[in-house]
Protein chains: 2
Amino acid sequence: MTSRPTIRDVAAHAGVSKSLVSLALRGDPGVRERTRERILLAAEAIGYRSNVLARSLREGRTMLIGVVISSLENPYHTEIVTSVEEAAESAGLSVLLAHGSRDRGKLTGRVESLLDLGLDGLVVVSSWVEPQVLRRAARRAPVVMVGRSERPVPGVDAVNNDDEHGAALAVQHLHATGHTRIAHVGSSYRPAGLARRHGYAAAMRRAGLGAYVRVLDAFVADEGLGTLLARALEDGYDAYFARNDVEALDLIDAADHVAARVPDDLAVVGYDDSALARRSRPRLTSVQQRRELLGRRAVDLLLSRIDGRAEDQHLIMEPRLIVRDSTRPRTDPD
Amino acid sequence: MTSRPTIRDVAAHAGVSKSLVSLALRGDPGVRERTRERILLAAEAIGYRSNVLARSLREGRTMLIGVVISSLENPYHTEIVTSVEEAAESAGLSVLLAHGSRDRGKLTGRVESLLDLGLDGLVVVSSWVEPQVLRRAARRAPVVMVGRSERPVPGVDAVNNDDEHGAALAVQHLHATGHTRIAHVGSSYRPAGLARRHGYAAAMRRAGLGAYVRVLDAFVADEGLGTLLARALEDGYDAYFARNDVEALDLIDAADHVAARVPDDLAVVGYDDSALARRSRPRLTSVQQRRELLGRRAVDLLLSRIDGRAEDQHLIMEPRLIVRDSTRPRTDPD
DNA sequence: CTGAAAGCGCTTACAG
DNA sequence: CTGAAAGCGCTTACAG
């Protein structure tokens, strides 16, 4: 709280010049070991900490990257944040986190203010950031999009989960465990939701189940999920692939209300393999995105861009299926 | 990405001096309106953005505060973060968020690196930050602790939830809905957990139920919660107050395994009123901490400390009980 | 109302 | 190996 000691104070305390202190602190080989030690001790003694602002101003880079997420309430996103942080840390970068509390305008504001800080790069883990905001941002610093944006933005790198394939994994699993009437639960028209829906329909057709394609979309139907489910059950649909874990749990809840049991009466597959999936009853079979990889790759892209790469790069990561209790075990042919 | 325009570029473009640009940008009344407009237009035209680093270096304050949380996975904490942000924003401060992913050493590191950035203040929403780290931090910038730290730290302000009272609310509610054998579920020896346990025991005694005080502590007992619950049910315990929502849901899960129904066979009260409480089955009765207030007060404390307040301040906020389906409705005397 | 100057704390050539 | 100097981009007195 009392005014912070500077390099000049260290110099005075160690009886050397200002610049020598700087050299010693950053381990320049041209400083005699004994001198260096004396300086380090002096710094320690007066509680000196390098002023990051001043250094950044001088160096022209901050060693800071920003991460933007829509909301802290989405565990899938926060896990990606953690993996970005780990990768950043091992590259010597610190991470500043900003979120928009599900508010698009606020999100834009947070992006701008992060950039005003003079970040070295930005990782966006939110499909809600508008393309033109991304575009503008990319003119100020390298930007990597994790997940889909509303549309591809030139100048912005991306690392994506293969949502079509994730949906296919779910459909294949349900099919292999004896189901044919497999419905999709999803009321989102965001990029990821759409990709999963398309992936579902395509996988159904590939499995020869095109005739059974059915989407429970509470938004379009303007009916409760419970009503939609009851009707689907009547029609013999005993398997459901939900757009994410939350919708999967909502479905299980609805099933409970009509006394249908999971997985005996209906099988359910979620998406995201979130903490919810692991702790729900029954534990949820779910498509898992490789979060730790997504984060690491995002930082890689940032670093190579900072190093001067000019062309855009888009990475696609393959998800995998985690089987738990909300679907039947695989039926061995006998 | 091309080198950022500076105040000097704006000056050249508008045909005025560097300092005039600065004055105009910050709305100094001594600049003629027409001139100011011309300068603003010039800034706009060349895409000028003030360099926050340079300004902070000059001004000696960053208008940035840091918020530290243990982990992004705790929704109770992230909601406080959001409320801190809102309060900070209306005071013209930006928030930098750091978390420790449940790792104590990492948490310390994050605190240090935030402070190295020259923050104007720090809000700590984690009981895991060590007292000596808090102490050291408080010498560098104002620090406010939200929630309990392991012990009070001189120089650090605090805003707390009244956990003893929260526990009492739970006990009173269970008692008022016809229960007398009320057990506590909690295996945490962190500050908040201890306070809730003490509050529970005290409230039981005040209600004349001291003889029924019983704690299901899977950690000390070194037995599964299921076993502890089964035994308690045998002993007639039909009401449970859990240290937090997660433990409450674990209990409901355990009850399910022994085919005991909530709230018919046993009533359950959680703590935190997290998103989990709202979406579980049955919806959980839970003690709610006033998150939005906690955040606002924390920022108030920071601001008054920045303004020079010297003495420490500790605020205590009262929680309230949110009644849902995991406890019986209040029994009207008839 | 306007311009030249100093300085925030740091790092990096550049002479010694 | 060491010291004096310039400059990162900004703001604020201080003269005009």
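The figures that follow rest on heavy atoms only: side chains count, while hydrogens, waters and symmetry mates do not. Quick note on labels: first sequence line is chain A, next is B, and so on, each numbered from 1.
Summary of the strand contacts: T35(B) and L57(B) both lie near DNA chain C, and taking for each the nucleotide with the nearest heavy atom, the more 5' one is attributed to T35(B). Ranked by how close their nearest DNA chain D nucleotide is to the 5' end, R58(A) and V52(B) are led by R58(A). Residue order along DNA chain C, read from the 5' end via each residue's closest nucleotide, puts R32(B) first among R32(B) and K18(B).
Ion pairing between K106(A) and E86(B) holds under the 4.0 Å rule for side-chain N and carboxylate O. Between D312(A) and R305(A) there is a salt bridge, since a side-chain N of the basic residue sits under 4.0 Å from a carboxylate O of the acidic one. A salt bridge links E150(A) with R104(A): at least one charged nitrogen is closer than 4.0 Å to a carboxylate oxygen. Electrostatic pairing of R290(B) and E292(B) counts as a salt bridge here, judged by a charged N lying under 4.0 Å from a carboxylate O. Contact check on D28(A) versus R36(A) returns no salt bridge, with no Lys/Arg side-chain nitrogen under 4.0 Å from an Asp/Glu carboxylate oxygen.
At distances below 3.5 Å, not a single donor-acceptor pair connects side-chain atoms of R148(B) with backbone N or O atoms of S127(B).
Heavy atoms of T6(B) sit under 4.0 angstrom from primed sugar atoms or phosphate atoms, though from no base atom. L23(B) comes within 4.0 angstrom of a base, heavy atoms only. Contact annotation for S56(B): no contact, since no heavy-atom pair falls under 4.0 Å across all strands.
Judged by distance alone, the side chains of R110(B) and S113(B) do bring a donor and an acceptor atom under 3.5 Å apart.
Contact footprint of chain A on DNA chain D: nucleotides with an atom under 4.0 Å from a non-hydrogen protein atom, first to last in 5' to 3' order, dC1(D) to dG9(D).
Proximity of M317(A) to N160(A): side-chain heavy atoms (C-beta onward) are nowhere separated by under 4.5 Å.
Consecutive pairing runs in DNA chain D reach the stem threshold at C:1-3 with D:14-16, C:5-12 with D:5-12, C:14-16 with D:1-3, where a stem means at least three Watson-Crick or G-U wobble pairs with distances under 3.5 Å.
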